[in-house]
Structure formats: C-alpha cells, structure tokens
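The structure under discussion appears below in the form of structure tokens.
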Amino acid sequence: MSKIHVSTIVNGDAVEFLADPRETLLDCLRDHLGLTGSKEGCGTGDCGACSVTIDGRLVSSCLVLGVEAAGKTIETIEGMADGAELHPLQRKFIEHAALQCGFCTPGILVAAKALLEENPDPSESEIRYWLAGNLCRCTGYDKIVRAVMDAAAEMRGAA
Amino acid sequence: MAKDTVNTEYKLVGTRPNRPDGLDKVTGRARYGADMSMPGMLWGAVVRSPHAHAKIKKIDASKALALDGVKAVVTRDDFPTGLTGEDWNLQENSMAGEVALYDGHAVAAVAATSALLAQQAAELIEVEYEVLPHVIDVDDAIKPDAPAIRPGAADHSVSEGFPPNVVRYIDYGHGDVEAGFEAADLVMEKTYLTEATHQGYIEPHACVGQLGADGKGEMWVCTQGHWFIRYMSSAVLGLDVAQLRVTASEIGGGFGGKTTIFMEPLALALSKKSGGRPVKIVMSRAEVLRATGPTASASMDVKIGMTRDGKMTAGKAVFRMQGGAFPGAPVDMALDCAFAPYDLPAVYHEGFDVLANRPKAAAYRAPGSPMAAFAVESLVDEMCRELGLDPIDVRLKNGAREGTKASYGPTYNRIGLVETLEAAKAHPNYSAPLGPNQGRGVASGFWFNYNGDTAVSMAIAEDGTAQVSVGTPDIGGSRASLAMMVGETLGVPYDKVRVNVVETGALGINEPTHGSRATFATGKAAVVATEQAIAEMCRRAAAEWGIEPEAVEWVDGSAQPAGPNAGKFPPMTIAEIAGKMSTTGGPIAGHYEGFPDGVGVSFGTHVVDVEVDPDTGKTTVLRYLVVQDAGRAIHPAYVEGQYQGGAVQGVGWALNEEYVYGDDGRLQNATFLDYRVPVASDLPMIDTVIVEVPNPGHPYGVRGVGETGIAPPLPAIANAVAAASGQRLRHLPMTPPKVLAAIQAGQDG
Amino acid sequence: MRYHTPATFEDAAQIAADCGGVTRFLAGGTDVLVQMRAGAVVPDDLIDIKHIPGVRDIVQTEDGGWRIGIAVSGAELGAHEGLCADWPGVVEGMELVGSTQVQGRATLTGNLCNGSPAADSVPGLVAAGATVTVTGPNGSREVAVADIPTGPGKTVLQPGELISAITLPPRGDRGGDAYQRFIPRTEMDIAVVGCAVNLRLDGDKIAEARVVLGAVAPTVIVVPAAADAIIGTTLDGAALEALAEAAQAAANPITDKRGTAAYRTHVAGVLAKRVAQQAYARAKGSGK
Amino acid sequence: MVEINLWSGLRRFTDGELAIEVEATTIGEALDALIAKHPGLAPVIEAGISVAVDGEITTAGRNIPLRPDSEVYLMRRLKGG
C-alpha cells in the first residue's frame with residue numbers, strides 16, 4: 001500500500017505529509033503533523049471530539065481521509081487563538097468552568113466557532129442542536145451553552 | 001471576584017477563579033492518553049473474543065508474525081501463573097486464560113510499527129474456540145440451573161446449596177422488620193430492574209508502556225489513579241512495583257471506570273517481548289464499550305411499611321446484581337445506600353453478587369447507589385401517591401439527621417439531608433405550573449464519600465511561590481480547588497500556587513481520584529503539608545529574630561512576632577523567608593502521608609419535570625433541579641459542574657442508556673450511535689442549589705461532591721414519568737417503547 | 001487500498017468496472033469511512049468522485065425542477081433557498097442525517113446508496129418522485145429513487161455503476177411535502193420510524209398524495225393505501241385515522257436494538273398523521 | 001472494653017452474637033481481638049472491611065484510636081467511583 005503525498009494548509013501553514021490512503025484526516029493531523037488537539041472519542045462521527053473545519057465547513061476529521069485534504073484549507077483547535085490572544089470562546093469556556101476533563105473541549109470550541117460565524121446571535125436551542133454532535137459526559141452541557149451564549153454576546157458587542 | 005458564600009472569613013475559598021490548566025485545555029495543548037509518542041514506539045492492537053463464553057482451544061499467530069513490521073504477539077502464556085484473589089481476577093480480565101468469559105475479552109495482543117499494521121496483524125491471528133453456554137441477565141444467572149461461569153469463585157459468605165453463579169452473599173439490618181410492617185397502614189413490595197450502563201467517558205483508554213528485560217519500566221496512561229495502575233500491572237506481570245514508573249496523562253473523564261487496568265499490562269508485555277521498545281495502545285470506542293467498565297445490572301425487591309400520615313415503619317431490600325464474569329458487583333454498597341436517607345426503626349438488607357458473561361464491572365460514580373435509589377425512592381413515591389402525601393413532606397418526616405441510626409448501622413454525625421429537602425421545597429421549580437402530559441418527580445440520594453491512601457508534598461520556591469505535588473489526577477478542576485485551599489492556608493494569592501499531578505516515583509502511594517476524595521482527602525493532606533511548611537517558616541523567622549518559634553504566628557503570608565513580642569519586628573514575608581532559605585537551613589517543605597480522617601457523607605435531593613408524549617412514549621426533561629450538601633464549596637463553579645454532570649449521567653441511565661445483548665451474548669450497541677448518552681439538545685439548563693452544612697472533619701468543611709448527584713435522577717425521573725403518564729415504570733431505561741407499552745396497558749386495563 | 005480521483009463519471013465507472021476487488025465510491029464518506037473503520041468493508045479501490053466538475057452544484061432544470069450534484073453536502077442543501085422553498089421535506093430529511101459535522105460532508109446520494117431502510121433523506125426523495133441518473137461503463141440511464149434500494153445495504157446498482165445526479169421534479173402549485181422521524185433522543189440517532197408525505201391540494205382538498213415510510217420494511221416503502229386514505233379529504237379527523245391505519249397496515253418492521261416491531265408499527269401511524277398535517281399546512285401556505 | 005457491632009450476616013461466625021465486647025484501644029487491636037474470639041471472622045476481616053467509628057467510616061487505619069464509649073461498626077469494604 002503505497003503512501004500518497006499530500007500538500008495542504010493547516011492553521012495558515014503550508015504543510016506536507018505522506019498518508020496511507022486508509023488513514024483519516026484525524027490520524028494525519030495527530031500522528032503525522034503532531035497536532036494532537038483534535039481528539040478521537042469514537043471514530044464514527046458520533047462524538048465530535050475531532051471537529052475541524054475544511055474550507056470553512058465544520059466536519060468530523062475522523063470521517064475525512066487524509067488524502068482528501070490535498071489542496072484544502074484546514075483549521076483546528078491549535079489555530080483558534082490569535083497568537084497569545086485567546087478567541088472569546090476559549091476565554092469564556094475557562095471563565096464559565098465550561099470544561100471539566102477538557103477532552104471534548106477542542107471539538108466543542110471548533111464547532112461553536114463555526115456556529116457563531118454563521119449565526120452571531122444563536123438562541124439556547126440553536127446552540128444545543130448545533131452542538132448535538134459534540135458529546136460531553138462531564139458537564140451536562142449547562143455551562144458550555146452559557147459560555148457560548150456569553151461569548152456570542154461579547155463578540156456582538158452586547159456584553 | 002465575587003464570592004458565592006455568605007461566609008466571609010476566607011479570601012479564596014468560595015470564589016470562582018480560572019482553573020490553572022484552563023489555557024492548555026482550550027488550546028489543544030493538554031496531553032491526554034493518546035497524545036503521547038515516544039522514540040522507537042510501536043503500536044499495539046488487541047484480539048478479542050467474539051463469543052460470550054468459549055473455551056480457547058488454539059491461538060495461531062504465525063500469519064501475523066510473518067508480516068514485515070510485526071514485532072511481538074502476546075497471549076496468556078506470556079503472563080506469570082499462580083496469582084490469587086483480586087490479582088488473579090485482574091490478570092484474567094486483562095487477558096483470557098483457558099476460557100473467554102465475555103464478548104470482547106482480550107485473548108491476544110500484537111505490536112507492530114504502525115497502527116494500521118498492528119490492526120491488520122490482529123486480524124490475522126487465528127483463534128479456535130469451543131463455544132460454551134452463556135448467561136447474560138442477572139435473574140437468569142442466579143437460577144440454580146444457569147451455566148456455571150467460574151466454579152470456585154464464591155467467597156466465604158456463600159453457603160452450600162446456593163446457585164452456582166452466586167459469589168457473594170450479604171445480609172444485615174436492625175430492628176424488628178416484621179413488627180414494623182405490622183404497625184404500618186400501607187405495606188407495598190415491588191421489584192425494580194436496572195440495566196448495565198457505561199461510564200461513557202469521551203476519551204478511550206490509551207497508554208504507552210515500556211518494559212525492559214531488566215524489569216524496569218515506565219508508562220504513560222490516562223487513569224484516575226496511576227499508583228493503582230502501577231500496582232495492578234506489576235501484580236499481573238510479576239514485576240517489582242517500584243521498578244515501574246507511571247505518569248498520569250491528562251484524563252478525558254473516568255467516573256470510576258479508569259480506576260483499574262485493562263490493556264496496560266498488555267502494552268508492557270508487548271514492549272518487553274519487542275526488546276523494550278515502547279508500545280502504544282489506544283482503544284477504539286467499540287473496545288471501550290465491549291471490554292471496559294460497565295456498571296452492574298440489578299434486580300431489586302423492596303418492601304416498605306408506612307402509616308397513613310407518612311411515617312415509615314420498616315424497610316426491606318433484597319438486591320441481586322451481576323457485575324460480569326468476576327466478583328465485585330457493588331451490591332453491598334447499593335444496600336448501604338438504599339435506605340440511607342431515612343430514619344427507620346427496622347430495616348433489613350439482603351444481597352447477592354452474581355456472575356454473568358459480561359465484562360468485569362468497574363466502579364461508576366457512587367457505585368450501587370443509583371440502582372438502590374431507583375428502587376427505594378420509586379417505592380416511597382408510589383406510597384406517597386397512594387396515600388396522597390407530598391413526597392418532600394414524607395421525606396422530611398422520615399429524614400435522617402444528626403444522631404439518627406443510619407440504615408447501615410452507625411450513628412450519623414452532622415449531615416445535611418433535611419437542608420436539601422427544605423431548599424428543594426422552597427425552590428421555584430417545586431411550584432412551577434405544569435401542563436398536560438407533564439409531571440414532577442422528587443428523589444433523594446446518598447453517598448458515603450471516602451478518604452483513602454494519600455501522599456502530598458508541598459514546597460516553597462526561592463521567590464516564595466508554592467508548589468504542591470499531588471497524586472490524584474485532575475478530572476474536573478481539582479488543581480484549582482487545591483491551589484485555593486493551599487493559597488488560603490498560606491495567605492498567598494491563588495496564582496502563586498502551582499499544583500502538579502506527579503508521577504508514581506515522586507510520592508508515596510496514592511489512591512485514585514475516586515470516592516469523591518480528591519478535594520476532601522488530597523485537600524486536607526495539602527493543608528496539613530502547608531501547615532508544616534508554615535511552621536518551618538515561623539521557625540526560620542524566629543531564629544532570625546532571636547525569639548522562640550512559639551512566639552511567631554503566621555498572618556496573611558507573613559511571619560509576625562506574637563504575644564509579648566508583638567510589634568517588635570516587622571512582619572517577614574514568605575518571599576523574604578524563601579529568598580534566604582539556602583542560608584537559613586535549606587529547603588522549606590511540608591508533606592503528608594496517611595489516611596485523612598474526617599470524611600463527611602453527602603445527601604442530595606433532585607426535582608425534575610418531564611413531559612411524556614402519550615402517542616410515542618417519549619420523555620422530555622423540561623426542568624431539572626439539583627440540591628446537594630457540599631459541606632463547603634471551595635470552587636462553587638466546579639461543584640455545580642459535578643452536580644450538573646452527575647444529574648445528566650443519571651438522565652441517560654434513566655431514559656436511554658443500556659447494554660443491549662443479542663441471544664448470542666454479543667453486545668449489539670458498542671457505538672455512541674446506539675449507546676445513547678444524552679446530547680446537548682436533549683436537556684434543559686440544570687439548576688443547582690449548593691447547600692453548605694460544613695463537615696467538621698475537614699479544615700474548610702469539605703464533603704465530597706462528585707458522586708451523590710448520580711443517584712437521585714433515576715427515581716426522580718421515574719417518579720416524574722409516573723406523574724406525567726399515570727404509569728409506573730419499574731424497569732430502566734424508560735425507553736419510548738417501554739413507556740408506550742405501559743401507557744397502552746394502562747388504557748387497556 | 002488504492003485511491004482514485006477521476007475527472008468524469010465515465011472514468012469513475014470505468015475504474016470501478018476494471019477493478020477486480022471490493023470497490024467503493026467516496027463522496028461525503030460518512031458511511032464508507034465508518035465501515036472501513038469497523039473493518040466491515042475494506043475496499044481494494046476507493047474512487048473519490050468529488051473531483052468531477054459540477055458535483056457540488058444545485059441547478060434549476062428547464063422545467064423548473066432541480067438537479068443536485070452528488071457531492072452536495074447536507075449543509076449546502078440546507079443553505080439553498082430555492083430548493084428549501086420548493087422541497088422542504090426533502091431538505092429536512094437530509095438535514096436530520098447525523099450531526100452538524102456530518103452535515104458538512106454527508107450527501108443525498110450517499111445516504112441513498114448506503115441502502116439503509118432507515119435512511120432519513122430517502123423517504124422525502126421518494127415522496128417527491130425524484131429520479132437519479134445512473135452512469136455505468138455503457139452509458140447513463142434515469143432511475144426512480146424508489147427503485148434504487150432493494151434491501152438492507154443493497155441497491156440495484158451493478159458493479160461499475162454509480163449515481164451521477166439527482167433530479168427533483170418541479171414543485172408545481174399548491175404542493176407541500178414534509179418528513180419526520182422518530183428517535184429516542186432529539187438528535188444523533190438512526191430513525192426508528194421515518195415518514196414522508198408529499199401532496200397537492202385542489203382548493204382545501206388533497207388532490208394528489210404520496211406517503212412513504214422508512215425503517216418499517218427492508219426498504220423504504222411507498223404506501224398507496226395511505227395516500228388513498230387522504231386523497232379527496234381536507235385531512236379531517238377521520239381521514240387522519242384512516243391514514244394511520246393504512247400506514248400501520250403497511251408496516252412490516254423487525255424488532256432490533258432500536259425498537260420493537262409493535263412499537264414501530266404503532267409509531268408509523270402516529271408519524272403519518274403528524275407529517276401529513278405538516279405537509280398539508282405547507283401546501284396551504286404555499287403562495288403558488 | 002469497647003463494643004464492636006457486626007453486620008448480621010456475620011452471626012454465623014460468632015455463635016449468633018452481633019455486638020462483641022473486646023479489649024482494645026485501636027481498630028487494629030479490636031480486629032485482632034475479634035479474630036481471637038471468633039476465628040471464623042478471619043477470612044472476612046482479611047478480605048478487607050471498612051470500620052465506622054462514631055459514624056465516620058474508614059477503610060484502613062488499624063491505628064485509629066478507640067475509646068470505651070466509641071460506637072464501632074464493621075462494614076463491607078467501601079470504594080468509590
């Protein structure tokens with residue numbers, strides 16, 4: 001099984017890697033590029049811990065092959081902060097204690113960012129349905145939803 | 001920073017600072033089990049039994065070993081023999097011996113140069129099985145003619161003539177139960193069933209293990225307790241315990257399921273056989289569900305006597321639980337918790353720990369208590385309805401208080417059940433209007449809390465900042481609460497304290513972050529260690545001032561002359577003392593090794609409103625309130641988080657989560673698609689009230705808060721469903737088909 | 001496993017026809033990758049058809065219908081105003097497939113070709129009378145969506161054949177469609193029962209109707225008796241009861257981990273009523 | 001002397017007694033004395049138990065002091081999640 005050379009852009013950086021065509025984008029991010037912020041919780045698209053965006057579209061990176069990333073633009077949790085400046089969602093998650101173990105957090109942050117880009121003023125229900133594919137077993141979601149709502153308000157300038 | 005508590009004697013305790021590991025965890029930098037790679041690392045994969053019960057006749061790994069890049073295969077033949085007791089159970093569960101005992105039981109493992117290759121090699125290992133009769137359900141497993149799963153596994157408590165799969169028997173109680181039932185106006189007896197559930201942590205088990213021919217090894221692993229991993233792996237492999245060094249990664253949830261070993265010894269055995277190269281094993285979700293930590297399933301008979309005005313006169317509980325093919329279903333703790341919220345003149349408990357062809361049950365948040373609460377709190381609710389009494393009033397009338405003889409024997413010290421009931425009753429949720437097909441349920445719950453082996457060291461750095469080395473992995477914000485308690489004691493700001501979860505080589509033995517013990521036990525130990533360091537700093541100041549150490553007191557992070565010397569010298573700050581420590585006697589540190597006493601039990605009361613769709617039987621949670629006694633909330637946001645998380649795990653257990661087996665004994669829903677944990681859109685906000693009845697046994701009044709919250713949801717939701725639909729569900733989960741069938745039966749009846 | 005990125009459907013068909021072993025076409029990948037991961041299907045050749053020009057396009061046909069490219073994701077479908085206005089039932093079926101993340105990748109074609117009787121997007125397509133273009137080594141043909149699935153995991157597609165486009169007919173005046181499913185949670189489950197209804201009104205009365213059930217038989221099924229129960233009515237109580245009875249009579253489900261046969265049969269009737277009412281309301285509300 | 005309360009299932013090892021007076025100043029001494037009086041209790045105690053002293057449950061702590069008026073209950077070994 002020969003490997004395929006893949007060139008892509010991850011968090012603004014041009015990167016290259018050799019992928020076995022069976023490897024998922026998640027495998028390639030974690031094992032070839034050392035970007036272990038995206039997590040595997042299920043491998044079947046049911047938990048959302050591996051959420052990334054490809055060309056701006058939110059996906060589960062466990063359901064994308066690494067070879068499909070060729071020529072795309074990929075954003076992961078590692079690219080969410082602007083240097084030392086956290087994204088408002090990241091800051092609000094810490095302030096609201098919206099994480100306990102923190103394992104689902106990267107995927108939820110990436111998904112929530114995609115939501116706020118599409119809908120800057122989501123209702124509680126819209127947040128809950130958008131994040132339904134991001135399982136969290138620790139928090140009961142309450143503080144996560146509040147943190148997203150608070151970050152959205154701040155980003156709208158309403159905070 | 002706003003303080004939540006009315007208590008103003010503290011600067012830090014009761015505030016909500018940002019957690020110290022927050023930045024790493026929102027940026028993807030925090031390293032969890034699967035995030036570690038080591039030089040020369042191989043990847044491991046595990047071959048698992050597809051049968052619920054089968055004799056292993058032959059394992060042929062020749063095709064796998066013939067693949068280029070495959071470095072080692074291990075089977076049970078590679079493990080030492082002659083183990084006994086729980087060590088033997090752990091070894092047997094890590095790798096099947098002569099018989100595979102459940103679907104998913106490991107039978108072989110392989111190491112190769114890539115994850116894909118290891119997986120491919122695992123598929124090439126040929127195992128010949130002779131399928132044996134199996135039993136899955138607890139009520140089937142306890143039958144006298146059930147297939148005997150492990151003859152000889154029963155302990156001293158099991159007498160001759162018991163069914164073959166009963167491995168432990170428990171009976172205890174006090175008072176005259178029959179007289180109690182005689183004195184009652186209403187006696188009800190019902191049977192309640194719960195299905196096995198999984199802890200459902202989102203992070204699959206993962207480790208990197210390395211073991212050389214010299215018997216020295218190291219391991220990186222996601223676990224609640226790395227000393228447990230070290231001891232158990234060493235026992236299973238016959239290693240000297242201290243030669244294995246285990247580092248706990250950040251942990252992606254555990255809930256009790258990561259307090260024991262699964263594939264960790266396999267990684268070490270593969271490493272040794274590969275010439276000492278590190279081996280990484282990461283479980284798939286299917287492996288997690290098939291082969292790790294489910295809880296027990298339960299079949300429970302409960303009988304209660306009550307007078308017309310709601311006074312309980314006696315209670316009796318007979319519980320049967322299966323915890324897989326190994327002894328250890330939490331039937332004893334379930335019985336202890338069953339009637340714990342009540343002051344009963346007479347109570348009797350009887351329990352059976354039963355084997356079945358399922359994975360070895362691991363602890364899950366207040367082990368046993370949720371099932372017990374479901375049975376007892378459902379029956380109490382049924383009786384309240386029958387007698388037309390308010391369920392909170394009945395609980396207040398019978399509620400355990402300080403001085404009550406607990407159902408499990410001893411006399412309660414200061415406890416906060418009544419306070420939770422009163423707070424629940426006063427909360428607006430308890431009087432919110434309900435619409436058609438909606439109903440409200442109430443239930444209380446109990447957990448002991450626990451202390452356990454604890455070793456902590458704290459040391460003062462050259463600039464007067466403090467480091468605390470602890471052995472309890474931070475699973476939900478404990479670094480924050482520990483830093484707050486140390487900062488409070490030391491009189492320094494929160495961010496001048498760094499709490500490190502250190503490896504096994506750095507401290508004496510520590511039990512895991514389990515039993516709701518981290519903030520209580522590690523916290524108390526850290527305070528004791530800090531007080532030692534403070535005493536040393538007072539001695540250093542006294543020496544400099546030329547006065548007796550007893551004449552120095554520690555105030556707001558400084559040594560100050562006290563008593564007759566008060567005001568004679570300016571306060572000496574921690575930074576000043578620390579800056580000179582190399583010339584005043586060397587390092588300044590404190591430590592604690594012991595079993596911190598003073599555990600305080602915890603009670604909670606939940607109120608839930610649901611709506612039941614009468615056409616489909618689907619239950620929607622509309623409102624949820626958790627009231628629980630925290631003793632004192634060090635960091636209220638993380639206390640609330642424990643309450644909310646426990647409640648939602650309970651919602652899952654009550655409504656949708658269950659292990660589904662086919663007639664072939666295979667688990668049918670080993671994915672998050674069909675093992676249905678609650679998703680964000682299933683839930684409302686989870687309202688919380690933190691009741692604070694301080695625990696006199698802790699310097700800051702802490703009671704453990706992690707576990708109690710999962711017990712009340714099961715009965716509270718069942719009680720709400722009964723109120724909404726008019727039908728009593730006595731078998732969890734209350735899936736739509738079950739609820740609809742009950743509604744239809746009710747209409748027909 | 002070999003990975004191919006053909007530039008035309010003809011090339012894709014030819015690659016598939018020439019491969020001796022197990023072949024899978026890759027569009028959204030949300031089923032194929034799960035099967036690969038579980039070891040259920042390990043293709044020798046994986047043919048990624050997203051590099052074919054036009055596969056991400058949604059275009060209006062000359063007669064006012066819609067042609068949907070095979071790689072259009074659920075998220076893209078849901079963002080298309082014209083399609084959502086015409087065929088809300090088709091779009092909402094697709095949007096129920098998986099999570100937001102899955103919506104970023106999953107496609108109508110993939111959901112259809114997976115062959116699941118519980119596929120959420122298929123009842124809506126069948127109710128709408130959608131067709132697909134099937135391209136093979138010997139050219140293309142037009143096939144009704146209803147005729148594609150033949151059983152759980154099975155389709156009429158022959159080795160070397162693939163779907164190259166989906167076509168929805170013109171909506172026309174006074175029409176409405178809807179799809180709902182029953183699941184135990186609010187999201188993320190496979191349908192225990194699904195139901196789509198597409199109808200057209202004449203005044204207040206239903207002139208034409210199509211009722212389609214999912215997850216109650218080896219394939220999605222069209223239930224003419226259920227349609228007959230509401231045609232000519234204003235969807236009054238009696239018509240709804242007759243509709244439910246016809247839906248329940250047509251259901252022939254299995255008992256499995258997701259539901260019992262009796263439960264699925266009952267819920268088929270409940271859903272048929274709810275979905276018909278929604279489709280009826282949409283038809284009445286349509287300005288056309 | 002301090003009174004040790006057993007759970008009722010242990011009756012069969014103690015000739016029916018559920019409250020046993022022993023000479024002890026610590027939990028360890030009490031457990032040793034119990035075994036000396038009723039050797040049938042040895043496997044139960046050695047398998048691991050918890051002890052409640054004045055309402056507080058501990059799992060180890062053989063050195064925990066007992067007073068003559070301490071309330072002492074043997075319990076099944078506790079663990080947590």
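Here is how names work: the chains are called A, B, and so on, in the same order as the sequence lines, proteins then strands, and each is numbered from 1. All values derive from a computational prediction rather than experimental measurement.
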Where does [X] contact chain A at under 4.5 Å (heavy atoms): side chain, backbone, both or neither?
{"X": "B:S284", "answer": "neither"}
{"X": "B:R29", "answer": "neither"}
{"X": "B:V26", "answer": "both"}
{"X": "B:L23", "answer": "both"}
{"X": "B:E250", "answer": "neither"}

Inset, instruction - Mind listing the closest non-hydrogen atom pair of B:F672 and A:G41 along with its distance? - result: CE1-O, 4.0 Å
Side chain / backbone / both / neither for [X] at chain B, heavy atoms under 4.5 Å:
{"X": "A:D31", "result": "side chain"}
{"X": "A:L135", "result": "both"}
{"X": "A:Y141", "result": "side chain"}
{"X": "A:L86", "result": "side chain"}

Inset, instruction - Mind running side-chain contact (heavy atoms from CB on, under 4.5 Å) on A:E124 and B:M685 for me, showing each step along the way? - result: CA-CA 9 Å; A:E124 179 192 334; B:M685 292 297 188; 3.9 Å; yes
Legend entry - Atom pair OG1/CD of B:T27 and A:E78 - distance to nearest 0.5 Å: 8.0 Å
Legend entry - Salt bridge present between B:D35 and A:R30 (N-O < 4.0 angstrom): yes
